[in-house]
Amino acid sequence: VLRCHTMPCINRQTVGAHTWRTMVLLHWLFHPHYPPPRLTYALMMHDVPEVHTGDMPGDVKAAHPELANALGIIERRFEVNHGITNEILYADEVEVLAFCDRADLTLYALGEYDMGNTYMACLAETAFGMTVDRGAKLREVSPVLPYLPRVEELLDMLSHRIERVQ
């Protein structure tokens, strides 16, 4: 399943490649420890229903919440029908999952931009904003989480890279 399929891309990213990088980011955040197994599983499975639905662009979901809601119902049904069960995540775990997801989109868009794909500038900026928002939510949920310094380190690195786009 291709991501960003409605935009011109130099290197196409699959949902599998996206999931791999989000997993690498998650484990990097928790290093030298390991993330909770329920969080690892949730992140690994978070886009599996897209083998059935495809990857609906985020801007389309934002512009049409009724479509996003219907898609959510279809995806939950797919998960149930295929035995994909997720334990309830704690609030900080939900935010870590979303942070890794948005950080990967930012990294992908920046990589495309660095190769000369100027169409990705807007996506890189938007994704970076979403990543920053998720980092802020992580700090709100629990300001003493052991991986927050790594969150700040990644945000700082992305901030320096995004400056070249603006």
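Sequential numbering from 1 along the given sequence is applied to the chain's residues. Values in this document were obtained by computation on a predicted structure and should not be read as measured data.
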I'd like to know if [X] pairs up with [Y] as an ion pair, taking the criterion as any Lys NZ or Arg NE/NH1/NH2 lying under 4.0 Å from an Asp or Glu carboxylate oxygen.
X: E50; Y: R3; value: no
X: D114; Y: R164; value: yes
X: K137; Y: E95; value: no

Under a 4.5 Å side-chain heavy-atom rule over Ile, Leu, Val, Met, Phe, Trp and Tyr, are [X] and [Y] clustered together?
X: L148; Y: L158; answer: yes
X: V96; Y: L145; answer: yes
X: Y41; Y: V94; answer: yes
X: L39; Y: V24; answer: no
X: L43; Y: M45; answer: yes

Side-chain heavy atoms under 4.5 Å apart, restricted to Ile/Leu/Val/Met/Phe/Trp/Tyr: what other residues fall into the cluster of I10, or is it alone?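 Cluster partners of I10: M115.
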
With a 4.5 Å limit on heavy-atom distance, are the side chains of H52 and E75 in contact?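 No, every pair of side-chain atoms sits at 4.5 Å or beyond.
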
Minimum side-chain heavy-atom gap T106-E125 below 4.5 Å: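 Counting from C-beta outward, T106 and E125 never come under 4.5 Å.
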
Heavy-atom pair with the smallest gap, counting every atom of [X] and [Y]:
X: L25; Y: A103; value: CD1-CB, 4.0 Å
X: L110; Y: A124; value: CD2-CB, 4.0 Å
X: F99; Y: L155; value: CE1-CD2, 3.9 Å
X: Y147; Y: L138; value: OH-CD2, 3.8 Å
X: C4; Y: L105; value: SG-CD1, 4.0 Å
X: P8; Y: E112; value: O-OE1, 4.5 Å

What distance separates N117 CG from L123 CG, expressed to the nearest 0.5 Å?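 Going from the CG atom of N117 to the CG atom of L123 covers 9.5 Å.
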
Go through the steps for Y90 and S142 under the test side-chain contact (heavy atoms from CB on, under 4.5 Å), then give the verdict. CA-CA 11 Å; Y90 295 113; S142 182; over 6 Å; no

Look at the side chain of [X] and the backbone N and O of [Y], then say whether any donor-acceptor pair between them is shorter than 3.5 Å.
X: E79; Y: P49; answer: no
X: D101; Y: T22; answer: no
X: H82; Y: F78; answer: yes
X: T126; Y: C122; answer: yes
X: T14; Y: V1; answer: no

Are C9 and Y108 close enough, and set up right, to give a side-chain contact (heavy atoms from CB on, under 4.5 Å), and what steps lead you there? CA-CA 10 Å; C9 299; Y108 173 69; 3.4 Å; yes

Under 3.5 Å, is there a donor on one side chain and an acceptor on the other for H5 and D55?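 No, D55 and H5 have no side-chain donor paired with an acceptor closer than 3.5 Å.
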
Between K61 and L67, does a side-chain contact (heavy atoms from CB on, under 4.5 Å) hold up when you go through it step by step? CA-CA 6 Å; K61 288 190 257 187; L67 181 59; 5.9 Å; no

Under the criterion side-chain contact (heavy atoms from CB on, under 4.5 Å), I'd like the reasoning laid out for L107 against R161: C-alpha separation, chi angles, the key distance, then a yes or no. CA-CA 9 Å; L107 288 165; R161 287 193 62 195; 3.8 Å; yes

Validation: residues 27-35 side-chain donor-acceptor distances under 3.5 Å, sequence neighbours left out:
{"from": "H27", "atom 1": "ND1", "to": "M23", "atom 2": "O", "distance (Å)": "3.0"}

